[in-house]
Number of protein chains: 2
Amino acid sequence: METASRPGLRERKKQRTRDALVRAALELFTANGYERTTVDEIVEAVDVSQRTFFRYFAGKEEAAFAVQTTVEAHFLEAVRRRPPHEAPSQALRQAVLANWDTIGETIESVVPIELHLRTFRLIESTPALLAVHLRRQEGLEEQLAQTIAEREGVDVDADPRPRVVVALFGGVMRLAGRAWGAGEDFSVAAMRELTTSYLDQMGPALATDWRTRDGEGSGRDGGHGRSGGDGRGDTE
Amino acid sequence: METASRPGLRERKKQRTRDALVRAALELFTANGYERTTVDEIVEAVDVSQRTFFRYFAGKEEAAFAVQTTVEAHFLEAVRRRPPHEAPSQALRQAVLANWDTIGETIESVVPIELHLRTFRLIESTPALLAVHLRRQEGLEEQLAQTIAEREGVDVDADPRPRVVVALFGGVMRLAGRAWGAGEDFSVAAMRELTTSYLDQMGPALATDWRTRDGEGSGRDGGHGRSGGDGRGDTE
DNA sequence: GAGGTTAGTGACAGCCGCTGACACTTGACA
DNA sequence: TGTCAAGTGTCAGCGGCTGTCACTAACCTC
C-alpha cells in the first residue's frame, strides 16, 4: 500500500514479474496456439510457480488481453479529450483515427508491437479468445456510452441514443478490425483507411435502395466490382 | 406403419437422451447458476454417464445454447423468406418482428418457453455465457450478411455494405435484447416495442446535433420504451 | 430369426485450468 | 535489528474435458 508517487522495490519487482508473464504468455500463445499452451509452460519460462500466475491473472485468458486493456483505456481517454462541440459520431470517429498515431508507443512500453499484432490475429482466430474479446468490447462500449451521454448532457438510461450510436460505431469498428487482421497490410495507414472506409459505408448500407446511387460513389455491379476505398484483401 | 421418413428406434432414443440433457441442464443452470452446476449433476439427473454428455455436447456451454441455436435458425430462415423488393434494412426489421409471432411454438417444442426466458437472462448475466453468446451472434451475422448479399446480388467480399448493414442491425438488436432481459416485462409485445424503439433510434443517434431535431426523417425522442407507431407494420 | 456389423454407452485413467490452505521468504519501516 | 505484511512456493483437490477399451443394443443380411 504505497503512495502512488514512487514505485518502491517490491512494486517494481511485481511489475517485472507481471510483464515477464505477459510476454512469455503472448510469445507462447502466438507461437504454439492458445489452447495448446499450458500455464505450466508459461510459468516455467518465467520460473515462477503456477500459483503465482493465477495471483496475477484471473485466468489464462486475462494474460492474453493484458495489452488490449491498455489500448482500450487509451482509446477511451482519447474520446474524453475530444472537443465538446463535436457530434457524438464525429467524436468517436476522430478519436479512433487520432488514436492510431499515438497507440504505438503505448503498446511498445509493454511488449514489442509486432507481438501485439500477432496476438490480435490470434484472438480473432481463436474462438475462445474471440468470445472474450467481444464481451470485453461490450464492456468498453458501455463506458463509451456513459462518456457520450455525459458530453451531451443526457441520461444514459433514459435516452437510448448514447448506447445506440456507440453500438453502431462498435459494430462497424469490429468489421474494420476483422478486415485488418484478415488482410496482409498491418500498417497503421491500412487500419486508418479501413476505418474511414467502413465508417463511410454506414449511410449507404442503410439506404433504401442499393441499386441506385444514393449513397455509394462507385455504384455496384453484379460481379467483382472493386468499390471505392475498400482495400480489402483475400477471404482466406 | 413405418414410413421411410421415420427416424428409427436408435435415432429416437438419441434424440430423447439429448432433449433430456438439455432440459436438465437448463433447469439446473437457471436454478443454481451456470458455474455452480457441475456436469456430474446434469448427467445424474438424466442417469447417463459423464462421457455420454460430452458425446452430445462439445462442452457445458453448448448445452446452454441448444435452444438459442434453434431460434437463430428460425430467424435466419425468416430473413430468407422476406420479399426481395424490400430494402436490406427493412427485410431485417420485418423479419425480426414477424419472427416474434411464431418463435413461441418453435421453442416450446424443445423446452417450456418460460425456461427459455430464464435461460436468456442467465446468459446475459453470466460473463462466460455472455461471451459465447456474442461470438455466436457474430457467426449469425456473417450468415445474415451472406443472405443479404445474395438478395441484392452483390459480392459479400467486394462490397462492404452487406456486413455493415448487418453489423448495425445486430448491434442495435443486442441493445434491445439487453433492455428486454433487464426489464420486467418479458412478453413478446414488450420485445416488439423495444425492437422498433431501438431501430428507430439509429437515425437520430447518428444525427450531427442531438440538441436540434434534424435526425434522419424522425424527430428525436427523449425516452425509450415509447410505444405506438413503428409506422411500417406490414408483417406479411 | 441367427449372426455379423456398427452405433452408442459406461467405466476408467489422466491432463489441464483453477482454488484453498499453510508455511516460508523478503522488502518495508520503525 | 526486529517486526510486520506482502508475495511466493508447495501441496492437495475439484471440475471440465478427452482417449481408450470393452460391452450392449439396434440395425442389416441371409
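Letters A, B, ... are given to chains in the order of the sequence lines, protein chains preceding strands, and every chain is numbered from 1. In what follows, every heavy atom counts, from backbone to side chain, and hydrogens, waters and symmetry copies are set aside.
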Output the rounded distance in Å from [atom1] ([X]) to [atom2] ([N]).
X	N	atom1	atom2	result
A:Q15	D:dG7	CD	C1'	15 Å
A:E11	D:dA5	CD	C1'	13 Å
B:R16	D:dA25	CZ	P	15 Å
A:R10	D:dT8	CZ	C1'	11 Å
A:K14	D:dT8	NZ	P	8 Å

Between B:F65 and B:H133, what is the ring plane arrangement, given parallel below 30°, perpendicular above 60°, and tilted in between? parallel
Can you say whether the rings of B:F75 and B:F169 are parallel (under 30°), tilted (30 to 60°) or perpendicular (over 60°)? parallel
Check this one for me: any side-chain N or O of B:K13 less than 4.0 Å away from OP1 or OP2 of D:dA25? no
At under 4.0 Å, does any side-chain N or O of A:Y56 touch on OP1 or OP2 of D:dT8? yes
Across nucleotides 9-18 of chain D, 5' to 3', mark each nucleotide with B, S or - according to how protein heavy atoms within less than 4.0 Å reach it. BB----SSBB
Paired with A:R136, the side-chain hydrogen bond (donor to acceptor under 3.5 Å, both in side chains) test is passed by just one of A:Q68, A:E141, A:E72, namely A:E72
Quick one: does A:R151's side chain have a donor or acceptor within less than 3.5 Å of a partner on A:R82's backbone? yes
Quick one: do A:R118 and A:E27 make a salt bridge, cutoff under 4.0 Å? yes
B:I107 and side-chain contact (heavy atoms from CB on, under 4.5 Å): which single residue from B:I113, B:T70, B:L115, B:L117 fits? B:I113
